[in-house]
Visitor: 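Okay, handing you the structure first.
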Amino acid sequence: MLKILIPTMMLIPTTWLAPSKHIWPSALAHSLIIAIFSLLWLSSPGETGWWLLSNLMALDPLSTPLLVLTCWLLPLMILASQNHTSAEPVNRQRMYLMLLTSLQIFLIIAFSATEVLLFYVMFEATLIPTLILITRWGSQGERLNAGTYFLFYTLAASLPLLVALLILQKTTGSLSLLPLPYAAAFPLISVADKLWWAGCLLAFLVKMPLYGMHLWLPKAHVEAPIAGSMILAAVLLKLGGYGMMRMMVVLEPLTKELSYPFIILALWGVIMTGSVCLRQTDLKSLIAYSSVGHMGLVAGGILIQTPWGFTGALILMIAHGLTSSALLCLANTNYERTHTRTMMLARGMQMLLPLMTSWWFIATLANLALPPLPNLMGELMIITSLFNWSWMTIVLTGGGTLITAGYSLYMFLMTQRGPVPQHILALNPSHTREHLLLALHLLPLLLLILNPTLVWGWTA
Amino acid sequence: MLTRVWRFGPGLTRLLRHTQVRCVSQSKPSGMSSAAVTEAHAPAAGSTHGEVSPFVKNPDFHGFSSDPVVDEWNMRIGFFLGISVALVIGGTFIHYLPDHGMRQWARREAERLIQQRERDGLPLIGENYYDPSKIILPTKE
């Protein structure tokens, strides 16, 4: 654990002490080496549930894929941000990198925490750098509103979680995740217990986000700079899913009935956000709503508490992290050239930037869950286990899959195909950096086809 | 920004036409129309809003830095560590990871046992998971 955490912490002095010409190459090299070493986490020693166990941190089949994704994402964020921060004074660039690094540190500790309260503190801590990224480096005036929505939605939902965790600590004496699955089931009968149940889950449901409480997400995704959007879409949403998967184990007998409205809300959210996507004009907003839809499916998979549901949720979280981040990077390449996110203003890109179209195509196919990509495998496992729970969900999930394919194709055809608009005269050609960025997003996704057991979670 | 361009009509767009480079062609344009070979020249008279394409100064711009040496090295670092080490060597490492949870062993063992039982004519699996003679039932109360 420390051999990843300490180098990540050392990235902060690296960014502040490196000469200004070398900040970005050294940050990129440093973070890529950390990402390479994070692959070592995938070699678990054997049958024990947890490995690399220490006082505060450990790894298990659930947290390891998410941790590797987090470590992989930092170099990608650095690659993506290099261009739009190049016009800023050097110290501001260093500040930007420091925010990304501190976010990374909090996320690593959060995912590897064995104590739920440590996870909670880190969960909250990630809000601060993200807020600063959105409100300071966003491009439009709406970023202030976006930051406010983001902070207060998540805070308001997670304060009940703090209370619920303190109650749990009082009842069980320990919040360590290691013995928690084996603790005796609590007698949860009173209304207060039901409120406690809701308090445990609400923070994660808002973070995921669940459909009714998703308003912060399109704002935050759209207004954030590219690195902020990437980390939001790829990892911060998964914090919600991960937290839910950890907490489900103590919420036991109540979940059977109480989760019902949330499952329905999540599935309805898939349909609704998919429909909204079909009518979007703003490209980043479309991708943001697409994230809500996919995470709704993940939430449904987690709430029904079956092995396939959990496995599908984890696979979909990893695959969606890579896909959504790739789509946001693609949207950013458009934005850096045309300075607009309106899809209608940047059409026919295939004629102008044909190599980028191939990346758009792969990312779009991943988003609409083409087999044999892990996106489909995760979605299929969730849909199947939901069908097992209730046959009626197939209407919602099937319709949702259809609409997802619809808006993904709509996004691709709108940005890539068609005539080039009259007002686009010449655009800068695609940078090598952008191709590298997208390759590093999509090649791991394609490689996951060959070895999905890495991201199976506990079933493995 | 682009909507303002739209409103002012083609005049301003023609001025802006000379700002950005689509691609650099080294070959002489032959008798073919110059529309097939896009122009590559420094910003001419027009107002460019100060946006000079970095490809003008450095035709091999990779997108990392305006200094060509740093740009080149940044690209090399990114590709080497990102693709050659992380994806290729990392991928090989993951490929050769031991059989996690003994799943592949379990499949091989199951196939071996099935073949063996088919050869010996034994049923593929016994009806009882536990040996019935070892089960101690409570007496009728």
Side-chain angles (χ1 to χ4, degrees), chain A residues 21-22 24-26 28-33 35-40 42-47 61 72 75-76 78-79 82-83 86 337-340 342 345-346 352 421-437 439-440 443-444 447 450-451 453-454 456 458-460, chain B residues 1-7 10 12-24 38-39 51 53-56 60-67 69-83 85-91 93-104:
Chain A
K21 258 197 324 183
H22 295 143
W24 293 92
S26 53
L28 179 64
H30 193 137
S31 53
L32 268 173
I33 295 176
I36 291 163
F37 277 106
S38 75
L39 291 175
L40 286 170
L42 291 167
S43 72
S44 66
E47 303 318 307
W72 186 241
L76 267 47
I78 292 175
L79 272 175
Q82 206 161 340
N83 198 12
S86 58
R337 286 170 174 75
T338 58
H339 291 292
T340 175
T342 313
L345 292 179
L352 300 170
Q422 301 280 340
H423 59 257
I424 294 188
L425 310 161
L427 295 177
N428 274 335
S430 306
H431 304 154
T432 318
R433 176 188 60 90
E434 292 165 346
H435 286 300
L436 177 64
L437 178 63
L440 290 180
L443 287 176
L447 286 173
L450 303 173
N451 194 356
T453 60
L454 288 172
W456 264 359
W458 289 312
T459 11
Chain B
M1 184 188 99
L2 283 163
T3 50
R4 289 161 78 210
V5 169
W6 195 240
R7 246 188 280 140
L12 187 55
T13 62
R14 215 166 291 130
L15 281 176
L16 288 175
R17 195 195 295 267
H18 300 294
T19 55
Q20 285 151 338
V21 179
R22 226 192 288 202
C23 61
V24 179
T38 50
E39 47 248 344
E51 275 186 53
S53 164
F55 287 93
V56 171
D60 289 326
F61 182 59
H62 290 297
F64 293 95
S65 158
S66 46
D67 175 351
V69 174
V70 174
D71 188 47
E72 178 87 14
W73 272 102
N74 201 335
M75 185 268 300
R76 288 178 180 164
I77 288 173
F79 272 89
F80 175 67
L81 287 175
I83 308 251
V85 182
L87 289 183
V88 175
I89 298 183
F93 169 75
I94 292 177
H95 176 75
Y96 284 105
L97 284 175
D99 182 13
H100 183 68
M102 294 179 78
R103 293 196 136 230
Q104 293 161 26

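Just so we're on the same page: letters track the sequence lines, and every chain starts at 1. Keep in mind the model is a prediction, meaning the values are calculated, not measured.
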Visitor: Using non-hydrogen atoms only, which part of B:Leu97 is less than 4.5 Å away from chain A: side chain, backbone, both, or neither?
Guide: side chain

Visitor: Given that the side chain runs from C-beta out, which part of A:Leu76 has a heavy atom under 4.5 Å from chain B: side chain, backbone, both or neither?
Guide: neither

Visitor: Just wondering, are more than 12 heavy atoms of other shown residues or ligands nearer than 6.0 Å to CZ in B:Phe79?
Guide: yes

Visitor: Angle between ring planes, B:Phe61 versus A:His431, binned at 30° and 60°: parallel, tilted or perpendicular?
Guide: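 Rings of B:Phe61 and A:His431: perpendicular, over 60°.
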
Visitor: Roughly how far, to the nearest 0.5 Å, is the CG atom of A:Leu39 from the CD1 atom of B:Ile94?
Guide: 5.0 Å

Visitor: State, with a plain yes or no, whether a side-chain heavy atom of B:His95 is found less than 4.5 Å away from one of A:Asn451.
Guide: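 No, side chains not in contact.
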
Visitor: What's the separation between atom OG in B:Ser65 and atom CZ in A:Arg433, rounded to the nearest 0.5 Å?
Guide: 11.5 Å

Visitor: Is there a side-chain contact between A:Ile33 and B:Val85 (heavy atoms, below 4.5 Å)?
Guide: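 SC-SC contact between A:Ile33 and B:Val85 ruled out.
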
Visitor: Any chance you could measure B:Glu72, atom CD, to A:Thr432, atom OG1, to the nearest 0.5 Å?
Guide: 9.0 Å

Visitor: Which atoms of A:Ala29 come close to chain B, meaning under 4.5 Å heavy atom to heavy atom: side chain ones, backbone ones, both, or neither?
Guide: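 Both the backbone and the side chain of A:Ala29 come within 4.5 Å of chain B.
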
Visitor: Is it the backbone or the side chain of B:Phe93 that comes under 4.5 Å from a heavy atom of chain A, or both, or neither?
Guide: side chain

Visitor: Looking at side-chain heavy atoms only, is the closest gap between A:Pro75 and B:Leu81 below 4.5 Å?
Guide: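 The answer is no, as the side chains (C-beta and beyond) never meet within the 4.5 Å cut-off.
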
Visitor: By a 4.5 Å heavy-atom criterion (distance strictly below it), what part of A:Leu447 contacts chain B: side chain, backbone, both, or neither?
Guide: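 For A:Leu447, side-chain heavy atoms alone lie under 4.5 Å from chain B.
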
Visitor: With chain B, which of A:Leu40, A:Asn83, A:Ile78 has the greatest number of heavy-atom pairs at distances under 4.5 Å?
Guide: A:Leu40

Visitor: Got a second to check how far B:Asp71's CG is from A:Gln82's CD, nearest 0.5 Å?
Guide: 8.5 Å

Visitor: Going from CG on B:Asn74 to NE2 on A:His22, what distance comes out if it is rounded to the nearest 0.5 angstrom?
Guide: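 Going from the CG atom of B:Asn74 to the NE2 atom of A:His22 covers 9.5 Å.
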
Visitor: Chain B: which of A:Leu436, A:Leu32, A:Leu28, A:Ile36 shares the most heavy-atom pairs with it under 4.5 Å?
Guide: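 Maximum pair count with chain B is reached by A:Leu436.
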
Visitor: If you take all heavy atoms of B:Gly82 and A:Leu440, which pair is closest and at what distance?
Guide: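 So the minimum-distance heavy-atom pair works out to O-CD2, 3.6 Å.
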
Visitor: CH2 of A:Trp456 to NE2 of B:His100: how many Å apart, nearest 0.5 Å?
Guide: 10.5 Å

